[in-house]
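This report refers to the structure that appears directly beneath it.
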Amino acid sequence: MGSEYIISGGEEGKKRLQVLAQVLEQSTKELIERNGPIVGQRFLDLGCGGGDVALMAAKLVGEKGQVIGIDFDEEIIRLAQEDALREGIKQVMFESKGVYNISFSDEFDISYARFLFSHLTQPEFALHNMINATRPGGRILVEDVDFDGHFSHPPSASFDAYLKYYVLAAQGNGQNPQIGPTLVSLFHYVGLQDVGFEVIQPSFNSGPGKWMAHFTLEKIKDSVVNQKIATHDEISIVQRELEEFTRNEQTILSLPRIFRVWGTKKG
């Protein structure tokens with residue numbers, strides 16, 4: 001998966017993911033708890049990034065449960081392991097592995113992925129791996145984006161440029177940044193039962209969440225330049241204008257629409 005990912009990772013990438021995790025922590029926790037029971041369960045976090053959800057899930061499953069976080073980024077996995085050690089959380093393990101290469105079979109009560117499928121060229125393959133990893137009667141939970149669903153108020157040319165850069169870079173790598181609405185039909189197609197969904201869209205006039213576009217633009221600029229979508233100078237101008245727009249507490253910026261989809265593996 002590493003060659004598909006357009007957002008730079010490592011330690012700096014983990015800092016960006018931590019901001020995103022803070023913004024979404026409560027809503028993701030509620031989603032997991034609604035698809036319980038959770039105490040004592042085995043939980044898979046596929047494409048776990050910096051491990052924030054995996055660590056949260058480890059606290060929810062308790063000492064009798066177990067959480068495994070999988071991500072291709074070896075540096076991020078190392079940092080996630082350090083976080084678990086520092087917090088004294090023993091019921092979580094992290095592995096550096098591609099999402100296409102997992103081989104779990106009927107092992108987890110809940111298999112979860114957030115903002116993973118929109119970065120994949122073969123999301124259906126990854127979903128099948130999640131299903132194979134889940135025990136019969138277990139739950140599959142996926143949160144992912146509809147990137148077209150962003151908005152700003154008032155309209156911002158720099159924000160629109162960022163959205164264009166992101167979508168073109170993702171599509172240039174064979175990804176689907178508008179995958180969110182398609183997940184419901186995909187869940188039905190692969191045979192999951194009791195499929196449901198909801199849509200959320202966090203929006204901000206201040207605070208860390210408002211800076212996600214600015215942070216993400218910094219992390220995708222190499223992909224944008226390498227694909228000849230824009231030059232470094234063009235991106236620098238957009239970054240300065242977007243920073244100014246973000247600092248203004250009279251403006252509003254949103255995250256993308258987020259589709260949260262769930263289903264049950266046949267018993």
Side-chain angles (χ1 to χ4, degrees), residues 1 4-7 17 20-21 23-36 38 43-49 52-54 56-57 69-72 98-100 102 104 108-151 163 166-167 169-171 173-203 212 216 254-266:
M1 175 189 161
E4 300 172 12
Y5 201 50
I6 66 169
I7 304 175
L17 291 173
L20 190 59
V23 170
L24 297 174
E25 179 178 10
Q26 189 58 39
S27 63
T28 293
K29 181 180 179 182
E30 291 171 355
L31 175 67
I32 293 170
E33 289 179 323
R34 274 194 276 125
N35 281 272
I38 185 69
F43 185 100
L44 172 66
D45 184 2
L46 191 61
C48 67
D52 298 281
V53 173
M56 177 179 66
I70 304 290
D71 199 275
F72 77 96
V99 300
Y100 303 135
I102 64 170
F104 301 111
F108 297 94
D109 302 288
I110 300 174
S111 292
Y112 170 88
R114 184 169 75 188
F115 306 156
L116 169 67
F117 286 19
S118 55
H119 292 294
L120 301 178
T121 57
Q122 302 178 69
E124 185 180 331
F125 186 4
L127 182 56
H128 277 295
N129 279 351
M130 290 180 73
I131 295 170
N132 290 338
T134 308
R135 64 167 179 79
R139 300 288 274 169
I140 312 291
L141 312 177
V142 172
E143 298 186 81
D144 223 312
V145 300
D146 176 14
F147 221 75
D148 284 344
H150 279 89
F151 72 87
L163 299 179
Y166 187 104
V167 169
Q171 291 175 339
N173 270 15
Q175 303 164 10
N176 181 5
Q178 291 94 15
I179 198 169
T182 73
L183 292 173
V184 179
S185 58
L186 180 58
F187 269 45
H188 284 293
Y189 176 75
V190 298
L192 290 170
Q193 299 178 327
D194 304 319
V195 174
F197 79 99
E198 64 188 10
V199 180
I200 64 171
Q201 185 164 30
S203 307
M212 282 308 303
T216 303
S254 79
L255 296 187
R257 279 190 295 258
I258 301 171
F259 277 73
R260 298 140 62 88
V261 187
W262 53 84
T264 303
K265 181 175 177 177
K266 292 181 179 178

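All values derive from a computational prediction rather than experimental measurement.
- With rounding to the nearest 0.5 Å, the separation of CD in E30 from CD in E25 is 10.5 Å.
- Looking at heavy atoms from C-beta onward, I179 lies out of side-chain contact with L186 at the 4.5 angstrom threshold.
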All N/O donor-acceptor pairs, side-chain side in residues 128-141, below 3.5 Å, sequence neighbours left out:
from, atom 1, to, atom 2, distance (Å)
N129, ND2, V99, O, 3.1
N129, ND2, Y100, O, 3.3
N132, ND2, H128, O, 3.4
T134, OG1, S111, OG, 2.7
T134, OG1, M130, O, 2.7
R135, NE, D109, OD1, 2.5
R139, NE, N35, OD1, 3.1
R139, NH1, T264, OG1, 2.4
R139, NH2, N35, OD1, 2.6

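- Contact detail for S27 and I200: the closest heavy-atom pair is OG-CD1, 3.9 Å.
- Judged by distance alone, with hydrogens and angles left aside, the side-chain atoms of D144 form a donor-acceptor pair with the main-chain N or O of S118 at under 3.5 Å.
- You'll find the side chain of F187 reaches within 4.5 Å of the side chain of L127, heavy atoms only.
- The shortest non-hydrogen separation linking D146 to P256 is O-CB, 3.7 Å.
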Legend entry - Audit row: T121, N173, side-chain contact (heavy atoms from CB on, under 4.5 Å) steps and yes/no: CA-CA 8 Å; T121 57; N173 270 15; 5.9 Å; no
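- Among all heavy-atom pairs drawn from G98 and F72, the shortest one is CA-CB, 4.5 Å.
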Inset, instruction - With side-chain contact (heavy atoms from CB on, under 4.5 Å) as the test, would you mind laying out the steps for I38 and F43 before giving the verdict? - result: CA-CA 9 Å; I38 185 69; F43 185 100; 4.2 Å; yes
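- Between the NE2 atom in H150 and the OG atom in S203 there is a gap of 9.5 Å [rounded to 0.5 Å].
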Inset, instruction - Start with the C-alpha gap between V142 and F259, add the side-chain angles, then the distance that decides, and say whether side-chain contact (heavy atoms from CB on, under 4.5 Å) holds. - result: CA-CA 8 Å; V142 172; F259 277 73; over 6 Å; no
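- Of the inter-residue distances, the one linking L116 atom CG with I70 atom CD1 reads 11.5 Å to the nearest 0.5 angstrom.
- The CG atom of L46 sits 8.5 Å away from atom CZ of F104, with the distance rounded to the nearest 0.5 Å.
- In this structure R260 satisfies the salt bridge (charged side-chain N to carboxylate O under 4.0 Å, His left out) test together with E143, E198, sequence neighbours excluded.
- Expressed to the nearest 0.5 Å, how far CZ of F117 lies from CG of N176 amounts to 12.0 Å.
- For the pair Q178/R257, no side-chain contact is recorded, criterion being any heavy-atom separation below 4.5 Å from C-beta on.
- Taking each heavy atom of Q201 and L255 in turn, the nearest pair found is NE2-O, 3.0 Å.
- Shortest non-hydrogen contact noted between L17 and D52 is O-OD2, 4.0 Å.
- What you find for V23 and P202 is that their closest heavy atoms are CG1-CB, 4.4 Å.
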Legend entry - side-chain contact (heavy atoms from CB on, under 4.5 Å) between V53 and I32, intermediate numbers included: CA-CA 10 Å; V53 173; I32 293 170; 4.2 Å; yes
